[in-house]
Undergrad: 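Let me give you the structure first, and then I'll get to my questions.
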Amino acid sequence: MLDDFMTRAGLAGIGTALAAAPLGCFVVWRRMAYFGDATAHAAILGVALSLALSLPVFAGALVVALVMATLITLLSGRGYAMDTLLGVMAHSALAFGLVGVSFLSGVRIDVMAYLFGDILSVSRMDLAVIWGGAALVLGLVAWRWSALLTATLSPDLARAAGIDPRREELVLTLALAIVVAVAIKVVGVLLITALLIIPAATARPLSRTPERMAMVASALGVLAAWAGLRLSYAFDTPTGPTIVCCLAVLFLGSSVATGRRQRGRAGS
Amino acid sequence: MKPLLQTTALSVHYGAAQVLENVDFRIDRGEIVTIVGPNGSGKSTFLRALLGGLVPSSGAVTRAPGLRLGYVPQKLVLDATLPMTVMRFLGLPRRVDAARARDALERAGVAGLGAQQMADLSGGQFQRVLLARALLSEPDLLILDEAAAGLDQPGAAGFYRRIEEVRAVTGCAVLMVSHDLHVVMSASDRVICLNGHICCEGTPEVVAEAPVYRALFGEGTQGTLALYRHHHDHAHDHDHGHDHDHNHKEPAA
């Protein structure tokens, strides 16, 4: 069954979406969208390094994403506004990565594949890495769920309950780095944040509890991954961007429906 | 008796500014202690140090082993993107069964709110839900940071009556920071007047009569509304080793 490239691509997309959606809820709740972006952009530097050192791309991207995320966490609150700091770090890392890749003369590299993903070329090995990473992230988030949620509500509330909010932040940082590394192959570094943010944002008006929001987001992510893959096959469009387009359409639908419902309630 | 929570010579700096200076504090089982002090006197910093949210520049915070804390913050802002029912909030970080949660809501005076979204609650309801959540952890020590700040006078008085009832029923100690002086003082066993350092402490009657306290909170008052017209000429960034350079206004005749 795994011999079919469409099957492998479908499984890769679904695995990534499953891991990204619940984590994306935290990214939305904690207003870390740009943080996710910076981590993802830095991963291209990891790609360049792993190609230069002939290491697996996944490993290089993971390490650089982790270093980036930790660095940002450490540097925050030291005189620069967070968005300035992230802007500097994200685009510097991306630029250095792209320049680095250009030095690699021996290998012919399609940079586009890393910027926008190349889901149709997912191998069995890639699939194992993606699902392994996804399982790890889901496990981590499920294990720390209550503590993460409490720390997200208020660090003081968490401390009073014996939870160290900094440790929970570290868990999120780690999970984010894994998702970035896993998702490079699927949607590429430039579109990873979409996979985190859009399902969560779409699920928000449809949810009354945080758990439900995470589940709805996962379902929407999987739906968009599947639909995007089918559509890109049918219309011969790039797959990663097509998946993100599907997410955007779902978001639009959810927003319009909510707006209409609220207007209806206000008018009655 | 061993104290539940104790600080010894606790000092905290933010950069170059000294916020707390040599604060010796203890609270025992079943005690209700109130900390009063003007804005910027280090009350919130002190609470944060007690909760472990900041590292003191010197001194120590000692907790009784296995101490269970219940914390009611001054204000909790839920991000609009985070959906949260009252019931779910009560179960954070540890799930509680529905019957206990309903019971806690009733004890806090907001029965039947379980299914509501936190964002839809009024200010008073919100504070009471926070209290209910703190009670669910069966705390040895309940810490309230200006917990009734957003409530009107009757609301605040009702809130503090709840706190006294809770202490009577559960026997937990209560540490409050507050501006509602007269309400709080009547409910407290001990009052500490804080202004970077402990200015004075004792029973509410003793503190209300203390010149230092009067200088901080106004002249010739019984505590009521004192804060709203207090003269605060308390010299603060003085070096120590000499007498406090309190520039107290004499109580007006």
Side-chain angles (χ1 to χ4, degrees), chain A residues 22 24-33 77-79 143-169 171 196-217 251 254-255 258 262 265, chain B residues 5 14-15 44-45 47-55 61 63 66-96 114-120 126 129-130 133-134 136-145 175:
Chain A
C25 289
F26 281 104
V27 172
V28 166
W29 295 332
R30 299 173 74 107
R31 310 195 165 200
M32 290 165 64
R78 291 206 184 163
W143 174 46
R144 303 302 311 166
W145 182 263
S146 273
L148 280 170
L149 210 49
T150 312
T152 299
L153 274 176
S154 147
D156 283 334
L157 222 55
R159 274 188 212 103
I163 297 161
D164 181 356
R166 277 166 311 177
R167 194 183 55 190
E168 304 311 324
E169 207 168 280
V171 167
L196 289 165
I197 305 287
I198 304 181
T202 310
R204 172 60 186 98
L206 312 171
S207 318
R208 291 181 53 79
T209 63
E211 287 76 15
R212 182 173 153 103
M213 182 162 152
M215 272 184 250
V216 173
F251 174 75
S254 150
S255 302
T258 315
Q262 272 165 356
R265 213 184 295 156
Chain B
L5 190 60
Y14 287 144
S44 301
T45 303
L47 285 194
R48 181 152 294 153
L50 291 183
L51 290 172
L54 57 82
V55 185
V61 179
R63 292 184 181 193
L67 176 72
R68 275 198 306 270
L69 285 177
Y71 175 59
V72 181
Q74 177 174 10
K75 203 162 179 235
L76 187 66
V77 183
L78 257 74
D79 196 287
T81 58
L82 178 55
M84 184 70 76
T85 60
V86 170
M87 213 46 139
R88 181 68 193 96
F89 178 71
L90 292 177
L92 280 175
R94 275 165 282 279
R95 295 264 184 184
V96 289
Q116 293 237 23
Q117 284 286 306
M118 292 292 286
D120 295 340
F126 200 103
V129 168
L130 287 177
R133 180 188 163 277
L136 274 169
S137 63
E138 294 174 356
D140 307 304
L141 173 59
L142 193 57
I143 297 184
L144 300 106
D145 183 6
L175 175 63

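When reading the values below, keep in mind they use all heavy atoms of this one structure, side chains included, and skip hydrogens, waters and symmetry mates. Labels below follow one simple rule: chain letters A, B, ... track the order of the sequence lines, proteins then strands, and each chain is numbered from 1.
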Undergrad: Tell me the residues of residues 149-157 of chain A whose non-hydrogen atoms fall below 4.5 Å from those of chain B, in number order.
TA: A:Leu149, A:Thr150, A:Leu153, A:Ser154, A:Asp156, A:Leu157
Undergrad: Distance from A:Met213 atom CE to B:Leu82 atom CG, nearest 0.5 Å?
TA: 7.5 Å
Undergrad: Within a radius of less than 6.0 Å around CZ of B:Arg48, do more than 12 heavy atoms belonging to other residues, nucleotides or ligands occur?
TA: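 No, CZ of B:Arg48 has 12 or fewer neighbouring heavy atoms, counting only those of other groups under 6.0 Å.
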Undergrad: Quick check on B:Ser137 against chain A: is it the side chain, the backbone, both or neither that has a heavy atom closer than 4.5 Å?
TA: neither
Undergrad: Is it the side chain or the backbone of A:Arg166 that comes within 4.5 Å of chain B heavy atoms, both, or neither?
TA: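 No part of it gets close to chain B.
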Undergrad: Which atom pairs, donor and acceptor, lie under 3.5 Å between side-chain atoms of residues 203-211 of chain A and protein residues at least two apart or in another chain?
TA:
residue	atom	partner	partner atom	Å
A:Arg204	NE	B:Ala80	O	3.0
A:Arg204	NE	B:Thr81	O	3.2
A:Arg204	NH1	A:Ser207	O	3.4
A:Arg204	NH2	B:Ala80	O	3.3
A:Ser207	OG	A:Ala203	O	2.6
A:Arg208	NH2	B:Ala115	O	2.4
A:Thr209	OG1	A:Arg212	N	3.2
A:Glu211	OE1	B:Arg88	NE	3.0
A:Glu211	OE2	A:Trp145	NE1	2.9
A:Glu211	OE2	B:Arg88	NE	2.6
A:Glu211	OE2	B:Arg88	NH2	2.7

Undergrad: Name the region of B:Arg133, side chain, backbone, both or neither, that has any atom closer than 4.5 Å to a heavy atom of chain A.
TA: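 Only the side chain of B:Arg133 comes within 4.5 Å of chain A.
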Undergrad: Could you look at A:Ile163 and say if it's the side chain, the backbone, both or neither that has a heavy atom under 4.5 Å from chain B?
TA: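 Only the side chain of A:Ile163 comes within 4.5 Å of chain B.
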Undergrad: Hey, what do you get for CZ (A:Arg159) to CG (B:Leu54), rounding to the nearest 0.5 Å?
TA: 8.0 Å
Undergrad: Give the minimum heavy-atom separation between A:Ala161 and B:Pro93, together with the two atoms involved.
TA: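 For A:Ala161 and B:Pro93, the tightest heavy-atom pair comes out as CB-CG, 3.8 Å.
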Undergrad: Which region of B:Leu76, side chain (C-beta onward) or backbone (N, CA, C, O), has a non-hydrogen atom less than 4.5 Å from a non-hydrogen atom of chain A, or is it both or neither?
TA: side chain
Undergrad: Name the region of B:Leu92, side chain, backbone, both or neither, that has any atom closer than 4.5 Å to a heavy atom of chain A.
TA: both
